[in-house]
Amino acid sequence: MDIKISFPDGAVREFAAPTTGMAIANDISSGLRRNAVAVKVNGALWDLTREIAADAQVEIVTRDTDEGLEVLRHDAAHIMAEAVKELFPETQVTIGPAIEDGFYYDFAREEAFTPDDLVTIETRMRDIVRRNETIEREIWDRQQAIDYFKSIGEEYKAEIITDLPETEELSIYRQGEFLDLCVGPHLPSTGILRDGFKLTKLAGAYWRGDSNNAQLQRIYGTAWSDKKQLKAYLKRMEEAEKRDHRKLGKTLDLFHIQDEAPGSVFWHPKGWALYQVVQQYMADRQYERGYKEIKTPILVDFSLWERSGHAEKFSDDMFTLETDDRRYAIKPMNCPCHVQVYNQGLKSYRDLPLKLAEFGSCHRNEMSGALHGIMRVRSFVQDDAHVFCTEEQIQSEVTEFIDFLHAVYKDFGFTEIVYKLSTRPELRVGDDEVWDRSEKALEKALNDNGLDWDLQPGEGAFYGPKIEFSLKDCIGRLWQCGTMQVDFSTPGRLGAEYVAEDGSKKAPVMLHRAILGSIERFLGILIEQHAGAMPAWLAPQQVMIATIVTDANDYAEEVCAALRAHGIRAEVDLRNEKIGYKVREHSLQKIPAILAIGMREAEEKTLAVRRFGSQNQTTMTLDDFITSFTQEVENRELMAATPNAE
RNA sequence: GCCUGCAUAGCUCAGUAGGUAGAGCAACUGACUUGUAAUCAGUAGGUCGUUGGUUCGAUUCCGACUGCAGGCUCCA
């Protein structure tokens with residue numbers, strides 16, 4: 001009997017039933033068969049060797065596609081597990097998925113793996129690939145599977161199966177002596193993985209992601225369709241690490257952190273200049289959009305935190321101190337203080353929405369292992385603001401905020417933003433009906449803006465749902481920056497109210513929101529985004545005036561004074577060095593414009609302008625330079641447009 | 001906080017099978033007055049993260065602590 005197989009290009013061909021993905025690929029071309037790793041049957045990923053017995057829509061998945069790579073990476077994880085079981089039979093295997101760029105597998109073993117073990121394991125993996133073991137899919141009975149894994153000491157696997165829904169079909173993949181529970185699909189044999197993989201790092205990971213559980217040993221690896229792709233990836237990572245903000249913070253002399261103040265930043269003149277540009281920019285944009293900037297205390301009596309609910313939920317993260325028989329907390333958040341400002345004087349519905357903003361200095365006693373450069377610190381400043389509004393105003397305020405955030409991120413050059421919506425957790429305050437409305441409001445705002453977003457069920461704050469806006473660092477790690485949180489609880493707890501149209505007193509809704517998140521974290525991402533070469537409007541030092549001969553010093557000073565008078569951040573380099581030396585040094589410092597001044601320029605009252613990223617020089621008058629550079633800064637241009645961008 | 005690893009000059013790094021360390025750049029001094037990514041010569045610079053132990057002797061071996069890196073957990 002023949003079955004009809006239709007392909008993505010619309011073609012339909014008949015095959016004798018049953019057939020397989022492998023047979024179909026082979027029938028199309030030997031090249032396709034060689035590159036095939038799986039097959040999509042009516043949209044579901046299947047093993048190449050699995051029988052196709054009825055008419056179907058079929059697509060061969062090749063090794064260089066995203067889905068193909070996922071299969072390869074998943075197989076790499078299984079092959080690693082097989083290698084580990086061969087080398088260290090006392091080890092229990094747990095789970096091992098494919099992840100972005102690679103894979104990992106979590107192992108339970110008394111003894112710790114060493115970096116040397118990684119080399120041994122990788123070598124054994126290559127043996128297994130060379131053996132080209134057949135990988136077979138088997139359907140097992142639930143109890144049989146539990147008994148089997150228990151019998152070989154794989155308690156974790158048995159636990160996984162026990163927790164699977166009864167209805168689930170149990171597929172077990174067999175490769176050589178190694179059997180693993182897995183939904184698949186997998187390669188027909190281990191040899192197909194080839195040699196585009198490498199084990200990268202060793203880490204601890206909690207069983208089922210819960211820090212109350214046992215800690216397992218996780219081995220990470222990366223895997224690609226071939227060795228060339230692997231090398232390209234390793235090269236990419238190496239290049240990306242050059243953009244690390246911690247490295248650039250040092251070489252560009254922006255900031256440092258030292259042992260005596262872990263998680264707190266010492267800002268150097270150039271770093272602080274950048275910091276202030278960003279903060280002032282934010283202050284101006286907020287002013288334009290009707291925010292009122294305030295400043296509240298850092299040290300506040302602990303009782304306020306008890307009333308706000310922070311003491312209960314946050315006390316582990318709070319720094320506290322006792323003096324004169326009073327207990328204080330160093331604020332970890334600004335919200336309770338903002339409510340105190342709101343509470344001064346009677347508010348009417350006509351005052352809403354009231355937007356109170358603060359560059360609030362917060363301190364949180366983050367766990368030592370969580371600290372990371374200036375991205376995750378213990379002392380940071382939030383571009384925090386609280387919008388006090390009525391329930392009816394939530395929707396428009398959230399929409400307005402997303403628009404605001406986009407405008408800001410665009411100015412800084414960020415285009416890739418990851419959106420997440422976190423909804424009601426189990427432990428929460430407020431009626432479900434109110435939660436329904438606020439979650440809907442956030443969801444609608446995301447959808448109205450046509451954004452792709454991920455749902456994080458149960459991840460919301462106890463007082464309300466939130467949207468998280470995350471940006472990626474140089475190696476693709478995600479950092480939450482912006483946030484929008486709906487809060488029905490805090491205003492009531494802290495006695496905030498307004499007089500409504502009907503004369504009754506009501507508690508306002510509070511929207512906690514930040515765009516940069518923390519200025520420290522945002523600057524870290526910003527530095528990595530631009531690889532330290534900041535656009536003119538952000539560059540801490542915008543212009544360096546470098547003299548060629550000492551006789552040009554006076555003119556150089558004159559130029560510097562004129563630039564500074566126009567608000568341009570300029571310095572002079574009068575050192576007795578060759579121009580080539582100065583150009584090299586200031587280029588390495590990634591200064592947007594170097595103005596070289598020799599006798600020619602001094603006599604003609606001109607400048608030789610060299611922009612960062614270009615080898616060219618353009619001679620122009622001081623006035624022309626000031627005009628064009630000022631324009632570039634005012635427009636917040638991301639790329640040097642004039643005078644000689646490459 | 002947990003797991004693994006790391007800590008040598010201002011920076012980037014080398015080194016010691018246990019006998020108190022070296023390079024390049026930077027700094028300082030002198031010469032050179034220079035035209036777009038490193039001018040030459042000389043000088044100086046280190047309790048080898050802190051702290052216990054083993055040893056005749058520890059920067060090196062072992063332990064603790066602190067910090068950092070990667071990951072987990074947690075978060076802006």
Side-chain angles (χ1 to χ4, degrees), chain A residues 104 106 112-115 117-118 200-220 241 244 246-247 250-251 253 256-263 314 316-317 332-334 360 362 364-378 380-384 459 461 466 468-471 475 477 479-483 485 512-522 524-525 546-553 575-589 594-601 608-610 612 614-617 619:
Chain A
Y104 69 77
D106 286 346
F113 290 116
T114 66
D117 291 336
L118 249 58
T200 51
K201 55 201 175 195
L202 203 52
Y206 298 106
W207 168 237
R208 299 201 150 156
D210 186 336
S211 56
N212 296 315
N213 288 342
Q215 188 155 39
L216 308 169
Q217 299 186 63
R218 176 173 297 179
I219 301 178
Y220 281 94
E241 275 160 24
D244 191 305
R246 292 162 300 192
K247 200 179 172 73
K250 198 178 276 179
T251 56
D253 196 18
H256 85 271
I257 296 174
Q258 66 187 44
D259 291 4
E260 287 84 350
F314 239 82
D316 284 353
D317 292 331
M333 293 184 189
N334 306 299
C362 297
R364 296 181 191 171
N365 194 8
E366 299 290 348
M367 289 186 294
S368 60
L371 302 180
H372 180 97
I374 64 172
M375 306 257 225
R376 184 77 182 273
V377 287
R378 292 197 173 124
F380 57 100
V381 173
Q382 291 179 316
D383 64 320
D384 203 2
E459 296 291 308
K466 59 178 176 178
E468 294 172 16
F469 304 85
S470 300
L471 297 171
I475 59 169
R477 285 177 297 215
W479 294 91
Q480 185 193 322
C481 293
T483 183
Q485 309 181 7
H512 306 242
R513 43 108 292 165
I515 291 179
L516 309 179
S518 99
I519 299 184
E520 285 75 6
R521 174 177 294 180
F522 192 80
I525 303 249
T547 52
I548 295 167
V549 289
T550 18
D551 285 345
N553 285 4
R575 291 176 304 169
N576 178 16
E577 296 289 352
K578 291 191 169 172
I579 190 65
Y581 179 88
K582 294 185 182 182
V583 165
R584 176 183 153 79
E585 217 167 66
H586 304 311
S587 296
L588 288 173
Q589 286 295 304
I594 299 171
L595 310 185
I597 291 184
M599 284 320 291
R600 205 153 60 220
E601 288 76 17
V609 182
R610 177 183 168 125
F612 180 78
S614 168
Q615 312 278 344
N616 305 330
Q617 299 116 49
T619 301

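In what follows, chains are A, B, ... by sequence order, proteins preceding strands, each numbered from 1.
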B/A37 phosphate, OP1 or OP2, under 4.0 Å from A/Gln615 side-chain N/O: yes

Looking only at side-chain atoms of A/Ser368, point me to the closest of B/G1, B/U73, B/A38. B/G1

B/G5 and B/U43: how far apart are their P atoms, nearest whole angstrom? 44 Å

Whom does B/C6 pair with, Watson-Crick or G-U wobble, provided both distances fall under 3.5 Å? B/G67

5'-most contact on RNA chain B: A/Asp210 or A/Cys481, nearest heavy atom basis? A/Asp210

Check A/Asp210 with A/Arg208, please: is the shortest side-chain N to carboxylate O separation under 4.0 Å? no

Kindly point out which of B/A76, B/G71, B/G35 is positioned nearest to the side chain of A/Arg477? B/G71

Between A/Asp383 and A/Leu516, is there a donor-acceptor pair closer than 3.5 Å when you use the side chain of the first and the backbone of the second? yes

Measure CG/A/Asp106 against P/B/C72 and give the value in whole Å, please. 10 Å

Do the side chains of A/Glu241 and A/Arg246 get close enough for a salt bridge, i.e. N-O under 4.0 angstrom? no

Hey, is the main chain of A/Asp317 close enough, under 3.5 Å, to the side chain of A/Asn365 for a donor-acceptor pair? no

Considering only heavy atoms and no angle criterion, is a donor-acceptor pair shorter than 3.5 Å present between the side chain of A/Arg521 and the base of B/C75? yes

Let's see if you can work this out: which of B/A76, B/A37, B/G70 has an atom nearest to the side-chain heavy atoms of A/Ala203? B/G70

Tell me the interatomic distance from A/Phe469, atom CZ, to B/A76, atom C1', rounded to whole angstroms. 14 Å

Contact between A/Val377 and A/Glu366 at the side-chain level, heavy atoms closer than 4.5 Å - yes or no? no

Could you let me know what B/G52 is paired to, Watson-Crick or G-U wobble, both distances under 3.5 Å, or none if it's on its own? B/C62

Counting the atoms with a prime plus P, OP1 and OP2 as sugar-phosphate, which does A/Gly373 contact under 4.0 Å by heavy atoms, base, sugar-phosphate, or nothing? sugar-phosphate

Provide, to the nearest angstrom, the distance between the CG atom belonging to A/Leu202 and the C1' atom belonging to B/C6. 14 Å

Under 3.5 Å: donor-acceptor pair, side chain of A/Thr200, backbone of A/Tyr220: yes

Taking B/G67, B/U73, B/A76 as options, the one with an atom nearest any side-chain atom of A/Ser211 is B/U73

Nucleotide of B/G67, B/A76, B/U36 approaching A/Gln485 most closely (side-chain heavy atoms): B/A76

Quick one: does A/Gln589's side chain have a donor or acceptor within less than 3.5 Å of a partner on A/Thr251's backbone? yes

Considering only heavy atoms from C-beta outward, does the side chain of A/Arg364 approach that of A/Phe380 to under 4.5 Å? yes

So if I take every side-chain heavy atom of A/Met367 and compare against B/G5, B/A76, B/C74, which nucleotide ends up nearest? B/C74

What is the distance, rounded to the nearest whole Å, between atom CD of A/Glu241 and atom C1' of B/G70? 10 Å

Assign A/Ala608 to base, sugar-phosphate, or nothing according to its heavy-atom contacts below 4.0 angstrom with the strands shown. base

Phosphate contact (B/U73 OP1 or OP2) by A/Arg208 side-chain N/O below 4.0 Å: no

To the nearest Å, how far apart are A/Ile579 CD1 and B/U36 C1'? 6 Å

If you go through the side-chain atoms of A/Glu366, does one of them form a donor-acceptor pair with the base of B/A76 closer than 3.5 Å? yes

Do A/Tyr206 and B/G1 share a donor-acceptor pair, side chain to base, under 3.5 Å? yes

Determine whether A/Arg610 and A/Val583 make a side-chain contact, defined as any pair of heavy atoms from C-beta on separated by less than 4.5 Å. yes

So if I take every side-chain heavy atom of A/Glu577 and compare against B/G1, B/U39, B/U33, which nucleotide ends up nearest? B/U39

Which atom names give the shortest non-hydrogen contact between A/Thr483 and A/Phe469, and what distance separates them? N-CD1, 3.8 Å

Which part of the nucleic acid, if any, lies within reach of A/Leu516 when heavy atoms closer than 4.0 Å are counted: base, sugar-phosphate only, or nothing? nothing

Does A/Thr483 put a side-chain nitrogen or oxygen below 4.0 Å from OP1 or OP2 of B/A76? no

Is the phosphate of B/C3, meaning OP1 or OP2, less than 4.0 Å from a side-chain N or O of A/Gln217? no

Partner lookup for B/G24, please. Criteria are Watson-Crick or G-U wobble with both distances under 3.5 angstrom; report none if nothing qualifies. B/C11

Any base atoms under 4.0 Å from A/Gly598, or only sugar-phosphate, or nothing? Heavy atoms, all strands. base

Between B/A37 and B/A76, how far apart are the C1' atoms? Round to whole Å, please. 39 Å

What does the list of N/O pairs under 3.5 Å between the protein and nucleotides 7-12 of chain B look like, with a distance for each?
from: B/U12; atom 1: OP1; to: A/Lys250; atom 2: NZ; distance (Å): 3.3

Considering Watson-Crick and G-U wobble pairs with both distances under 3.5 Å, what does B/U39 pair with? B/A31

A/Tyr220 side-chain N/O to B/C72 phosphate OP1/OP2 under 4.0 Å: yes

Any side-chain N or O of A/Arg246 less than 4.0 Å from the OP1 or OP2 oxygen of B/G70? yes

Checking base pairs now: Watson-Crick or wobble, both atom distances under 3.5 Å. What partners B/A44? none

On RNA chain B, nearest-nucleotide positions of A/Ser518 versus A/Gly209: which is more 5'? A/Gly209

Letter by letter from the 5' end, nucleotides 23-31 of chain B scores (B base, S sugar-phosphate only, - none; protein heavy atoms under 4.0 Å) ---S-----

Rounded distance in Å between the C1' positions of B/A9 and B/C25: 12 Å

So does A/Arg378 reach the base of B/C75 with its side chain, donor to acceptor, closer than 3.5 Å? no

Any donor-acceptor pair under 3.5 Å joining the side chain of A/Glu601 to the base of B/G35? yes

Check step by step if side chain to side chain donor-acceptor pair (under 3.5 Å) holds for A/Thr114 and A/Asp117. CA-CA 5 Å; A/Thr114 66; A/Asp117 291 336; 3.3 Å; yes

Side chain to side chain, A/Gln382 and A/Asn334, heavy atoms closer than 4.5 Å: yes

Give the rounded distance in Å between these two atoms: CE of A/Met375 and C1' of B/A69. 14 Å

Classify A/Met333 by what it touches in the nucleic acid, base, sugar-phosphate, or nothing, heavy-atom distance under 4.0 Å. nothing

With both distances kept under 3.5 Å, what pairs with B/C72, Watson-Crick or G-U wobble? B/G1

Under 4.0 Å: is that the gap between some side-chain N or O of A/His372 and OP1 or OP2 of B/G71? no

Across the strands shown, which category fits A/Ala370 at heavy-atom distances under 4.0 angstrom: base, sugar-phosphate, nothing? base

Distance check, rounded to the nearest 0.5 Å: A/Arg477 atom CZ versus A/Ser470 atom OG? 14.0 Å

Donor-acceptor pair, A/Glu585 side chain versus A/Lys582 backbone, under 3.5 Å? no

Within this structure, what is the CG-to-P distance between A/Leu118 and B/G70, rounded to whole angstrom? 17 Å

A/Ile594 CD1 - B/G35 P separation (whole Å): 16 Å

So what does A/Lys578 touch, heavy atoms closer than 4.0 Å: a base, only the sugar-phosphate, or nothing? base

